[in-house]
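Comments concern the structure below.
Letters A, B, ... mirror the listed sequences (proteins, then strands); counts begin at 1.
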Number of protein chains: 2
Amino acid sequence: MPLEITKAFVEEIEAAIEQDNAALVLASLEDMYPADITTVLYELDAQQSKYVLDLLDPEVGSEILSSLDAEIRNDFLKNFTSEEIARYVNLMESDDAVDVLNEQKVQVREEVISLLDNEEKAADIIDLLHYEEDSAGGLMAKELIKVNINWQVGQCIDEIRRQAETVEKVYGVYVVDDKDKLLGRLGLKTLILATDDTPITQLYDPDVISIESYKKDTDVVEIMQRYDLDSIPVVDAKNKLLGRITIDDVLDVIQEQAETTRQLMTGITENIEEDDSIFRLSRARLPWLLIAMIGGLMGARLIKVFEAEISLLPAMAMFTPLITATGGNVGIQSSSLIIQTLANNSLILDNFTQRILKVILVALINALVISGLVLSFNVILDENLQLAVVVSVALFSVVVLSSVMGTVTPMLLDKFGINPAVAAGPFITTANDLLGLAVYFLVAHFLLL
Amino acid sequence: MPLEITKAFVEEIEAAIEQDNAALVLASLEDMYPADITTVLYELDAQQSKYVLDLLDPEVGSEILSSLDAEIRNDFLKNFTSEEIARYVNLMESDDAVDVLNEQKVQVREEVISLLDNEEKAADIIDLLHYEEDSAGGLMAKELIKVNINWQVGQCIDEIRRQAETVEKVYGVYVVDDKDKLLGRLGLKTLILATDDTPITQLYDPDVISIESYKKDTDVVEIMQRYDLDSIPVVDAKNKLLGRITIDDVLDVIQEQAETTRQLMTGITENIEEDDSIFRLSRARLPWLLIAMIGGLMGARLIKVFEAEISLLPAMAMFTPLITATGGNVGIQSSSLIIQTLANNSLILDNFTQRILKVILVALINALVISGLVLSFNVILDENLQLAVVVSVALFSVVVLSSVMGTVTPMLLDKFGINPAVAAGPFITTANDLLGLAVYFLVAHFLLL
């Protein structure tokens, strides 16, 4: 059963490290899964973590290093020599090895590669380093089992036996021709149920879904999800088999995507986590705050333009927060919905005009409810009637305009290849604040003067 | 290769349905994967979809039905008789069958179950219907391959052969004792490499991670992700093997979670999609808009309280949007960060006081930058100096207070078992608007009067 890491347990480990009691540290960690030891390491500092890692079996150590968060791993490996790093990289699957090496300085990277015992792994890694990190090639591992179309089942099983050490998870074997062109796939279940002398040609499924190495990681996610695949072969433009991507790598991509979207939507510009440094946290948050600040200062100028209206009806100032907040909220809701549609790729066939018409209809209903309620409140609270009318007319217009803006902006950004989630953050709020103010004072201008 | 569905293609299908040209419809869809036919169905209406489904092989049809979005499936199945539904449910894996049946009215559900040919499947479904939908039991399928600890490899392979039709994806077999207690797991790779007469006891891995049926679906996600599992066995309190969950089901849960979080953060209260009805879309968005509206009206009252300060310095009104927007943005950023930490469960050991201290430090830096810049702008633009000071002092305080509030609110909600994402939406924005206004006018009150 997975272990719950307690504070007391971590303190125990820390004390044992302090006393240089290697036996006690090992005894405490002995029965734990590598993933749980990783969780413990997150609570230790870099020196303590190195102490622990040095004690562990290198196989376990390489698994832990592969699973560490990229930034923490980077900090962590600064205490390691290239020889030490090479020892762990030697034991990693090629995709994990490349992730680790990509985080190192060029010099360290070259040193580590030159120190790898395993020639084949070194060649695989050098090859994989050429691919963009966010492409199918950047996600794939070279470890896979491929069998020749002319073989029989017995030869396939021998090949699996030969590769059993290298390839950790086997979902199936890939069938290729003499030139390594991908021809199909053969599931383990099929293999296990066939006799040794059955020819592969009789068993394999030629209808295999593959992906080209240059495709984006988001395409990989979409295809694996759509077709419910646990692994997908990666090929080059000539359909030559290059590697494979497994579902666990895709899970990580999905998680990252969701976090990036959420951060962009809330105005955070770098991929940060709560335990990053104070400076980094500030820096990631400032850009949007500054943009919003400029928006606010522009708002102040805008209000100044309408001094005449305000002096005529000073109580107008009371309702600016209501107007701007409503515009912001409606805009964010609209953006959120369209971003979801864009992410699910279900836009393909729908008509732009129809979509906007629907957005406007929904907005009209909400606008009617809100402005109606505010009008009633203001009448009940015996507010100046002129003001009450100005506020409700402005609210009505702001809800409709913000809905349209909140919908169209992400679509435009997406069209220009920018992540539409950017739009749902402070950008939309700031723009809608200004829009709201302008509408409010223009309505006042026309109704009052 | 996966097909890109074009508008022209859909129109062609629609025309063929119109002309009742079954041969043409079939010919067009013949080479497509079920998942792609599903995409086409999303573009057709319920009648047209039924026409297509009736033509297809029931195996393909049941796969399509399993993959349809729950709500669309629900609309869609209204055109089907219980007999027709039963024909498809008969061919589904038990977890998909239960999903479909859970969406039906009780009467339809009972009818369909009574009409199932496959006695074993009917029993499985009745059993699965007892579990909460968002629990491990609600996610699991009954289809799995289990082998007795006393068997040899040959018997395991016979068992796989016997179940090959029923269990679509086989990642490994589960080893149980005579009372169906889970003892371990045996990967297909190990099985394939062993000789027929090897006893299971020599091969199996007793260290299998399982999950109890009552655990939450989010726990399933966390465990499968942490330990990189492609499937997990589900057991009861006495460790009896009940079913298994595969990684594709978990992917769906992750996707839903991300969508729910995003919707809550943007003030949408129901799980909606752009193509829902106008009424439903309005209804999902109104509650938060109304709360924000009440906040706005309260803000108006609040401003009225400080009429004295405003009449003393009417230009104060100019800066309210800047103050409220900054508070809102800072609050949302803070909430987003803490929600991420809560979701990753990495809070376990950290100290509350330390966390808040760090939040305050980051806030102080950002507050200093923003209020400093605004002060400079106002001095350069020759604004009233008193006003400039009031605005910057208020901004400074609002940034710090909103940071703390944006951090603490989600933590409190989480503690009370409420999804903390609720806090990052209009709730925080509205609360921060009021907070910002109060701070602004209080600062003005003390500095001006």
Look at [options] and state which one has the largest set of heavy-atom pairs under 4.5 Å with chain B.
{"options": "A/Thr324, A/Asp228, A/Leu281, A/Leu437", "answer": "A/Asp228"}
{"options": "A/Arg161, A/Lys169, A/Arg285, A/Glu307", "answer": "A/Arg285"}
{"options": "A/Gln333, A/Met316, A/Met318", "answer": "A/Gln333"}
{"options": "A/Ala317, A/Ser282, A/Ala35", "answer": "A/Ser282"}
{"options": "A/Val330, A/Thr261, A/Ile254", "answer": "A/Val330"}
{"options": "A/Ile160, A/Thr320, A/Thr38, A/Val250", "answer": "A/Ile160"}

Using non-hydrogen atoms only, which part of [X] is less than 4.5 Å away from chain A: side chain, backbone, both, or neither?
{"X": "B/Val369", "result": "side chain"}
{"X": "B/Leu337", "result": "both"}
{"X": "B/Tyr171", "result": "side chain"}

Under a 4.5 Å heavy-atom cut-off, does chain B meet the side chain of [X], its backbone, both or neither?
{"X": "A/Leu290", "value": "side chain"}
{"X": "A/Ala164", "value": "both"}
{"X": "A/Glu168", "value": "backbone"}

Please set out all donor-acceptor pairs under 3.5 angstrom arising from side-chain atoms of residues 291-306 of chain B, sequence neighbours excluded.
residue	atom	partner	partner atom	Å
B/Arg301	NH2	A/Glu383	OE1	2.7
B/Lys304	NZ	A/Glu383	OE2	3.3

- Query: Knowing that exactly one of A/Ile365, A/Ile360, A/Leu357, A/Val359 qualifies, which makes a side-chain contact (heavy atoms from CB on, under 4.5 Å) with B/Ile278?
  - Reply: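 Among A/Ile365, A/Ile360, A/Leu357, A/Val359, the one meeting side-chain contact (heavy atoms from CB on, under 4.5 Å) with B/Ile278 is A/Ile365.
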- Taken in chain and number order and not counting sequence neighbours, the residues that satisfy side-chain contact (heavy atoms from CB on, under 4.5 Å) with A/Val170 are A/Ile145, A/Val167, A/Leu188, B/Lys189
- Stepwise, does the side-chain hydrogen bond (donor to acceptor under 3.5 Å, both in side chains) test hold for A/Tyr42 with A/Asp69? CA-CA 9 Å; A/Tyr42 282 135; A/Asp69 189 77; 5.0 Å; no
Considering only heavy atoms and a distance below 4.5 Å, find which of [options] pairs most often with chain A.
{"options": "B/Thr326, B/Leu289, B/Asp252, B/Val374", "value": "B/Leu289"}
{"options": "B/Ile247, B/Asp230, B/Asp433", "value": "B/Asp230"}
{"options": "B/Leu434, B/Asn329, B/Asn366, B/Asp248", "value": "B/Asn366"}

- Item | Side-chain (A/Ser335) to main-chain (A/Gly406) donor-acceptor, under 3.5 angstrom |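 Present.
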- Considering all heavy atoms, the nearest A/Leu387-A/Ala315 contact: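 The answer is CD2-CB, 3.7 Å.
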- Note on the structure: Nearest heavy-atom approach of B/Asn432 to B/Gly331 is ND2-CA, 3.4 Å
- Run the numbers on B/Gln225 and A/Gln255 for side-chain hydrogen bond (donor to acceptor under 3.5 Å, both in side chains), then give the verdict. CA-CA 10 Å; B/Gln225 247 184 320; A/Gln255 208 83 2; 3.0 Å; yes
- Item | Close side-chain approach of B/Asp36 and A/Tyr227, heavy atoms under 4.5 Å | yes
- Does the side chain of A/Thr246 pick up a donor-acceptor pair with the side chain of A/Ser231 at under 3.5 Å? no
